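What follows is one structure encoded as structure tokens, with my remarks underneath.
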Amino acid sequence: MAERNYGIKDTVLLEWGDIIVEHLKTDIEEFITFDAKLNRDFITDLEQKVAQGYKDGGDVVNIAQLQEKTEVVEKAMQDCRTYFKRLKYWVLDAFPNQKAIQRQFGIGRFREVSRNQVKMIQFIEGLEETISQHSIALETAGASVDLLNQSTTLSRALRTANKEQEQKKGTRTVDTAARVEQLNELYAILQKVNAAADNVFEEQPTKRELYRSPGRNGTPVIIDEEE
């Protein structure tokens, strides 16, 4: 994953970009005289990069989307737990003294399974065959056909929710890396302006101060320029 090349908060970096854009608009002629590349087109491009940084919204959107996917997984997990609780009742009713059959249904190990969504997917999918083997006895005991058929629907729902959650985790990682690369580029541009300002306003310390890099809290950091 891309690493940040700057030691300030993203919000501070973007605010610095906004400030530099406005100062450049005022001082553009002096910058053009020093470096023709630092012209009005340069300002427009810089302004767009800052605007894009704000538009991306950091990781907030991704976090919200991932939370939504996680909530779907949690609901699917709870649906499976509720289902097993009901199924367990009928298994114990149909096979009260048959421990081997009870173990086939996962009685005694479900608590451990229910803590992990991948294990839960495997478990619920495996129930379909076990239920099919003992369906007559379960129906005779009073279990409804709808209940016995529900395991397939639940396993598919959980599997889909789990897949979408994992896909979003991956997307978030990619999006974050792309955003960091964009902000690194923005930081490099602002540092270039900062370096140019050291020459443009060499005899105007007050003006020079306006272009300095901010610290983590946004306060300009005064660093001696290299000779």
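Here the structure is a predicted model, which means the values were calculated and not measured.
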If we ignore hydrogens and angles and just use 3.5 Å, is the side chain of [X] paired with the main-chain N or O of [Y] as donor and acceptor?
| X | Y | value |
| --- | --- | --- |
| D27 | E30 | no |
| T160 | A157 | no |
| Q182 | G53 | no |
| N5 | Y187 | no |
| Q102 | P96 | yes |
| W90 | S144 | no |
| Y83 | L147 | yes |
| T153 | N149 | no |
| N199 | A195 | yes |

To the nearest 0.5 Å, what is the distance between [atom1] ([X]) and [atom2] ([Y])?
| X | Y | atom1 | atom2 | answer |
| --- | --- | --- | --- | --- |
| L138 | F95 | CG | CZ | 5.0 Å |
| I189 | L46 | CD1 | CG | 6.0 Å |
| E164 | R159 | CD | CZ | 13.0 Å |
| I121 | L154 | CD1 | CG | 12.0 Å |
| I8 | S213 | CD1 | OG | 7.0 Å |
| L183 | L190 | CG | CG | 10.0 Å |

Does a donor on one side chain sit under 3.5 Å from an acceptor on the other, for S155 and E128?
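No donor-acceptor contact under 3.5 Å links the two side chains.
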Can you find a side-chain donor-acceptor pair between Q104 and Q133 that sits under 3.5 Å?
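Side-chain D/A pair, Q104 to Q133: present.
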Side-chain heavy atoms of [X] within contact of [Y], under 4.5 Å:
| X | Y | value |
| --- | --- | --- |
| E3 | N184 | no |
| L87 | I131 | yes |
| K99 | R103 | yes |
| E209 | F201 | no |
| Q122 | V113 | no |
| Y6 | V12 | no |

Output yes when [X] and [Y] qualify as a salt bridge under the 4.0 Å nitrogen-oxygen rule, no when they do not.
| X | Y | answer |
| --- | --- | --- |
| K9 | E15 | no |
| K119 | E112 | yes |
| K163 | E166 | no |

Group every Ile, Leu, Val, Met, Phe, Trp and Tyr by side-chain heavy-atom contacts under 4.5 Å, then state whether [X] and [Y] land in the same group.
| X | Y | result |
| --- | --- | --- |
| F110 | V118 | no |
| I19 | L13 | no |
| F34 | I28 | yes |
| L148 | I107 | yes |

Show the numbers, then the answer: is there a ring pair (Phe, Tyr, Trp, His ring centres under 6.0 Å) between F123 and F84?
CA-CA 10 Å; F123 177 80; F84 183 77; 5.6 Å; yes
Begin from the C-alpha positions of E29 and R40 and carry the test salt bridge (Lys or Arg N to Asp or Glu O under 4.0 Å) through to its verdict.
CA-CA 9 Å; E29 295 302 332; R40 288 179 176 81; 2.7 Å; yes
In sequence, state the C-alpha distance, the side-chain angles, and the governing distance for N194 and R208, and then conclude on side-chain hydrogen bond (donor to acceptor under 3.5 Å, both in side chains).
CA-CA 8 Å; N194 182 31; R208 170 68 186 98; 2.8 Å; yes
Minimum heavy-atom separation for [X] to [Y], with atom names?
| X | Y | result |
| --- | --- | --- |
| L14 | R179 | CD1-NH2, 4.2 Å |
| V72 | A161 | CG1-CB, 3.7 Å |
| A94 | A137 | CB-O, 3.9 Å |
| R212 | W16 | O-NE1, 3.3 Å |
| C80 | I124 | SG-CG1, 3.8 Å |

Side chain to side chain contact (heavy atoms under 4.5 Å, CB included) between K88 and L92: does it pass, once the steps are laid out?
CA-CA 6 Å; K88 177 182 175 181; L92 293 178; 3.9 Å; yes
For the pair T70 and L66, evaluate side chain to side chain contact (heavy atoms under 4.5 Å, CB included) and give the outcome as yes or no after the intermediate values.
CA-CA 6 Å; T70 299; L66 180 57; 4.2 Å; yes
Starting from the C-alpha separation in whole Å, work towards a yes-or-no answer on salt bridge (Lys or Arg N to Asp or Glu O under 4.0 Å) for K25 and E22.
CA-CA 5 Å; K25 288 178 180 179; E22 294 308 309; 3.5 Å; yes
Among K75, M77, R81, find the one that has a side chain to side chain contact (heavy atoms under 4.5 Å, CB included) with D79.
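Single pass found, and it is K75.
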Test E68 against Q165 for side chain to side chain contact (heavy atoms under 4.5 Å, CB included), laying out the working first.
CA-CA 9 Å; E68 181 181 350; Q165 182 194 46; over 6 Å; no
Does the ring centre of Y211 sit less than 6.0 Å away from the ring centre of F31?
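Centroid separation for F31 and Y211: below 6.0 Å.
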Applying side chain to side chain contact (heavy atoms under 4.5 Å, CB included) to K37 and I32, what does each step give before you reach the verdict?
CA-CA 7 Å; K37 296 188 298 298; I32 290 175; over 6 Å; no
